[in-house]
Amino acid sequence: LPFSRTRKVLAEFGTLYQQQYGLALFNKVRFEIEGTGGPQSQLLHRKVPLEGRSIFSGAVYQYLEENKKWRIRFLFIPDSYNIECFESKQAHDRGQQPKGVISCAGYKVLTSMDEYLELLNNSLPGVKAKAGGPPFPNSATQFPLLLWHPYTRHYCFCVLTEKEHNKWMAVFQDCIRHANNGLPEDNKVQTPAFTDSVRLYRQHHEQYGTWDMMCGRPPQILANLVMETLVPELRNLIGPRLKGKLYQRQRNWMLILDAVYHQVLCQTQAQYEALVQVSYSGQPQLESSIRTDMDQIITSKEHVTSKIRALVQPKAEQLLKDSVEPDITFILEALMEPTSRGFAEVRDLFFRELTDMSNNIQNDGSREKLGEHMEKVSMLAYHPVKMQSCYDKVEQMNLEGLQQKFDVSSPSVFIQRAQILMREQMDNTVYTFEHLLHQSLSDQEGDEVPKIIQRCLDRVMKKYDYDSSTVRKKFFKEALLQIIIPYMLKQLNPSCAQELPRFRELIFEDFSRFILVENIFEEVVLQSAMKDIMLAVREAAVQRKHNLYRDSMILAQSDPNLHMLEENPPIDWAASYGPQDEGGTGDSAELWRRRRQVVSMILLDDWRHLQNESCMEVPGVDGIREEEEESKEEDKAEEEEDDDQNSDPSPVPDPSPEPGSSPTKSPDSVHEIRGLINPMLEVLVPVSELNNPVLTNGLVLQGEEPKSRHIQDDYSKALLNRLLQKEGEPPAWGSVRQAESRLSAGSGQQEAESERFSGTAMQFAVHQQDDSGFQSPVSEGLEDEGQAITAARKVQPVALDPESVMVTFESGDEESELDPISNV
């Protein structure tokens with residue numbers, strides 16, 4: 001079913017794409033010839049914003065579906081905004097490949113388990129099953145972060161503190177915002193051809209309006225297009241056949257969707273690349289025909305447009321008057337109010353940062369201080385935590401009441417677009433200020449730096465006000481068109497669709513690749529609505545509360561010398577004003593290197609102990625309840641309920657273990673399995689520090705051997721008897737008895753054995769280290785814990801004959817109550 005559905009969708013899409021490719025190529029060539037452009041930007045544009053930078057990195061808890069456990073993982077977010085998952089920071093620093101890479105296109109960040117479970121229940125509605133626990137154990141901390149996608153795998157993280165939670169949430173939202181930004185606009189042929197083809201495909205299937213899943217790369221968008229129609233069919237086909245409790249069915253449903261989505265994505269990737277290759281190979285011939293017959297194509301298109309306008313325009317104007325004009329003012333106000341507040345917050349944030357920098361330079365005007373501040377300011381637009389206050393203003397956008405009439409699924413499309421524009425404006429403002437400041441510092445070295453900063457700030461603020469007004473007015477027009485035009489097309493299509501085919505007869509066959517009747521129909525509808533939209537935006541610009549310039553105020557070439565600086569290479573503040581540390585070493589160089597990450601890490605007071613792990617101290621996972629334990633408890637509770645209902649009045653003995661005993665658990669580490677096969681016994685005895693100096697590596701100095709180095713027969717027997725009385729009879733009782741007898745029998749040979757081993761340095765640790773490179777997650781951190789316990793009790797491991805010791809017992813929690821002789 002997925003393969004046939006994907007092939008059917010891509011076949012229809014491919015036909016539309018080839019048609020739209022020729023039209024997009026014609027529009028590109030015509031634009032190059034006629035050159036109709038808008039107002040010129042006053043701010044400079046950075047070409048490569050995040051070159052040599054990373055966004056954020058740190059350690060979090062991640063729930064692993066493979067073993068159904070929470071584990072600590074190191075996340076690294078480069079300038080591509082993809083989330084790379086590593087087992088540890090050391091693995092990342094060594095250049096190892098990440099265990100997984102998350103492309104955030106189409107995801108949502110959730111901060112509560114209830115919200116996640118609600119979306120999960122909506123993805124598989126109408127399922128009647130016995131309620132169980134969530135599809136994974138409870139969050140390891142009270143600060144969860146969940147990445148939810150309607151078609152593919154979900155990711156579950158959690159962090160320790162609220163401050164770290166806010167940072168990661170802002171970073172994840174920025175990754176999603178970047179991935180959902182749409183296709184690159186610098187490709188003037190493929191991008192419009194693709195977007196128009198997707199829009200026309202959905203309109204052919206009666207799906208008008210905005211689409212939240214129009215995000216990611218073209219293969220991802222096509223996969224979303226296939227899954228939009230495939231998921232309901234799979235739900236009806238597979239949903240009734242899922243077995244088990246509710247959470248088990250939901251988990252199985254997620255795994256099925258993820259497998260189907262990746263299968264569809266592989267198909268769309270291959271077929272889209274083949275489609276683009278075929279279209280690109282025929283582009284030179286099409287472009288030659290366009291440039292040769294440009295005048296004839298334009299004349300023919302205008303003739304067909306006049307015929308279609310005579311049919312469509314009266315109906316479109318009547319529809320505008322009756323159903324659209326009354327709502328234009330309300331829609332525009334709903335868009336302008338939060339967007340204007342967001343851009344005003346961008347202006348205030350930039351002003352505050354530069355004012356603080358000027359005050360700090362006034363107090364400490366050193367060269368390194370200026371470079372340090374400018375290094376931070378240069379990445380202000382890409383700092384999601386600092387920009388969050390600006391983004392929150394736009395999050396208040398509310399289009400309630402318009403979603404049903406105008407088929408607007410949610411305001412998230414417009415919110416994310418406005419936030420991207422705000423980030424671009426902030427980056428343009430910062431980049432312009434950088435060049436002005438660098439030029440002024442070079443030309444006016446005698447002036448005070450704070451005065452230079454203030455003059456540059458005043459110039460940049462005026463340019464920002466003009467550009468932000470231009471960007472906002474363009475955004476309002478595009479948003480109104482995205483809301484109104486699909487509604488008008490949906491209303492006009494039934495009455496005009498039957499009349500459109502006859503206009504194809506007016507087009508020459510040679511020009512049929514560049515003149516499409518369906519696109520002309522949409523252009524006529526757009527031109528009919530544009531007049532009312534322009535009027536509404538023009539009237540809104542008069543109101544002072546939105547801080548918009550009037551259209552009559554156009555600044556053209558107001559600062560030509562400034563735009564010449566745009567061709568200069570980016571300013572490296574680290575090289576020009578950074579710390580002059582010889583050899584690039586030392587604390588100053590290390591701090592400067594850390595500033596290459598946009599979002600700074602949270603460092604505790606003892607940060608030097610954590611710098612190799614993460615930005616936060618992440619505790620061990622021994623105290624986290626795993627899913628197997630929870631499922632066992634649920635099954636046990638259900639069995640007890642059934643026993644209570646079906647049991648007779650006579651009492652039944654409780655088969656549960658005693659409170660002091662631990663449940664039997666299968667070994668899940670290499671050390672435990674080896675311990676069952678070859679048991680070992682490690683005995684710790686008190687050693688006098690005066691007579692037996694101990695090295696830092698745990699060895700006892702050779703020389704005059706103290707008497708305590710050798711275990712006597714009576715002492716060994718007493719120690720083993722006390723140990724076995726404390727621990728109870730273990731499963732390897734026979735091995736213990738053999739060890740005891742061998743210790744007794746070998747007392748006469750110990751002097752010879754000690755001479756044989758005197759030349760070899762032996763060290764016994766609390767836990768044996770495996771050289772296979774594998775370490776069970778259950779035993780993470782036990783080695784350090786054992787070393788700390790040994791140091792606290794001031795006991796020294798004794799070197800024993802390996803043939804005499806074969807069993808290992810680990811002490812329990814009551815170990816601290818024993819005397820030094822019985823510590824094991």
Side-chain angles (χ1 to χ4, degrees), residues 54-64 69-78 81-86 88-89 92 100 102 104 107-120 134-149 153-180 349 379 382-396 412 415-416 419 423 594 597-607 609-611 613-621 623-625:
S54 62
I55 305 300
F56 193 44
S57 62
V60 298
Y61 283 122
Q62 181 183 3
Y63 177 73
L64 303 180
K69 294 181 180 180
W70 291 90
R71 288 290 174 259
I72 301 173
R73 291 295 178 261
F74 182 79
L75 303 185
F76 178 76
I77 299 162
Y81 284 91
N82 291 330
I83 303 175
E84 299 179 355
C85 304
F86 296 86
S88 63
K89 188 176 185 298
H92 168 263
I102 305 174
C104 295
Y107 276 91
K108 293 181 180 179
V109 183
L110 308 178
T111 57
S112 69
M113 200 65 65
D114 296 336
E115 188 177 4
Y116 174 76
L117 294 178
E118 181 181 357
L119 290 174
L120 200 60
F136 48 85
N138 293 332
S139 176
T141 69
Q142 59 180 339
F143 302 106
L145 287 166
L146 303 108
L147 294 179
W148 181 86
H149 194 283
R153 178 182 177 181
H154 306 161
Y155 295 90
C156 308
F157 305 98
C158 60
V159 293
L160 292 175
T161 64
E162 183 179 2
K163 185 175 183 180
E164 195 73 357
H165 183 263
N166 294 334
K167 274 197 173 186
W168 278 112
M169 183 176 62
V171 171
F172 283 166
Q173 288 178 342
D174 211 31
C175 293
I176 295 172
R177 191 180 301 117
H178 181 85
N180 295 351
L349 175 62
M379 290 291 104
Y382 298 92
H383 197 298
V385 179
K386 291 185 177 181
M387 291 289 294
Q388 191 62 36
S389 61
C390 309
Y391 297 150
D392 289 341
K393 302 292 183 181
V394 190
E395 291 285 349
Q396 303 172 7
S412 60
I415 291 175
Q416 291 183 358
Q419 291 171 343
R423 188 179 72 178
R594 288 173 46 227
Q597 181 168 283
V598 177
V599 183
S600 60
M601 300 192 299
I602 297 178
L603 298 177
L604 305 179
D605 295 336
D606 53 346
W607 67 271
H609 300 288
L610 307 173
Q611 59 183 351
E613 289 298 329
S614 68
C615 58
M616 289 292 302
E617 181 181 5
V618 183
V621 296
I624 303 176
R625 300 179 63 190

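When all heavy atoms of I77 and V171 are compared, the pair lying nearest together is CD1-CG1, 3.2 Å. Listed here is the closest heavy atom pair of F74 and S57: CZ-CB, 3.7 Å. The minimum heavy-atom distance between Y81 and C104, with the atom names listed, is O-SG, 4.3 Å. When all heavy atoms are compared, the tightest approach of Q416 to I176 is NE2-CG2, 4.3 Å. Annotation for I102 and C85: closest pair CD1-SG, 4.2 Å, computed over non-hydrogen atoms. The shortest heavy-atom contact between L349 and K386 is CD2-O, 3.5 Å.
Using a 4.5 Å heavy-atom threshold, the side chains of P78 and E84 count as touching. Using a 4.5 Å cut-off on side-chain heavy atoms (C-beta onward), P144 and Y116 make no contact. Looking at L145 and T111, their side chains come closer than 4.5 Å, going by heavy atoms from C-beta outward. Inter-residue side-chain proximity for I72 and Y61 is flagged as met; some heavy-atom pair is nearer than 4.5 Å.
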Requested in this report: Report the C-alpha distance between Q419 and M387 in whole Å, list the side-chain angles of each, state the deciding distance to 0.1 Å, and finish with yes or no for side-chain contact (heavy atoms from CB on, under 4.5 Å).
Outcome: CA-CA 9 Å; Q419 291 171 343; M387 291 289 294; over 6 Å; no
Query raised in the report: Yes or no on side-chain contact (heavy atoms from CB on, under 4.5 Å) for L75 and F157, after CA distance, side-chain angles and deciding distance?
Result: CA-CA 10 Å; L75 303 185; F157 305 98; 3.9 Å; yes
Report task. Begin with the C-alpha distance, continue with both residues' side-chain angles, and end with the deciding distance and a verdict on side-chain contact (heavy atoms from CB on, under 4.5 Å) for Y155 and L146. Result -> CA-CA 6 Å; Y155 295 90; L146 303 108; over 6 Å; no
Report task. Please step through side-chain contact (heavy atoms from CB on, under 4.5 Å) for the pair I83 and L147, ending with a clear verdict. Result -> CA-CA 11 Å; I83 303 175; L147 294 179; 4.1 Å; yes
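Using a 30° and 60° split on the angle between ring planes, H92 and F76 fall in the tilted class, from 30° to 60°. Ring planes of W148 and H154: tilted class, angle from 30 to 60°. Note: W168 and F172 have tilted aromatic rings, judged against thresholds of 30 and 60 degrees for the angle between ring planes.
A donor-acceptor contact closer than 3.5 angstrom is absent between the side chains of Q142 and E162.
Atom CG of residue D392 and atom CD of residue E395 lie 6.5 Å apart, to the nearest 0.5 angstrom. Of the inter-residue distances, the one linking Y391 atom OH with Q173 atom CD reads 10.0 Å to the nearest 0.5 angstrom. In this structure, I55 CD1 and C175 SG are separated by 7.0 Å, a value rounded to the nearest 0.5 Å. Residue Y63 holds its OH atom at 13.5 Å from CZ of R73, rounded to the nearest 0.5 Å. Between the CG atom of L110 and the CD atom of E115 there is a distance of 4.5 Å, given to the nearest 0.5 Å.
No donor-acceptor pair under 3.5 Å is formed between the side chain of T141 and the backbone N or O of L160.
Considering H165, E164, K163, M169 as possible partners of F143, the one that fulfils the side chain to side chain contact (heavy atoms under 4.5 Å, CB included) test is H165.
By the ring pair (Phe, Tyr, Trp, His ring centres under 6.0 Å) test, Y382 pairs with no residue at all, sequence neighbours left out.
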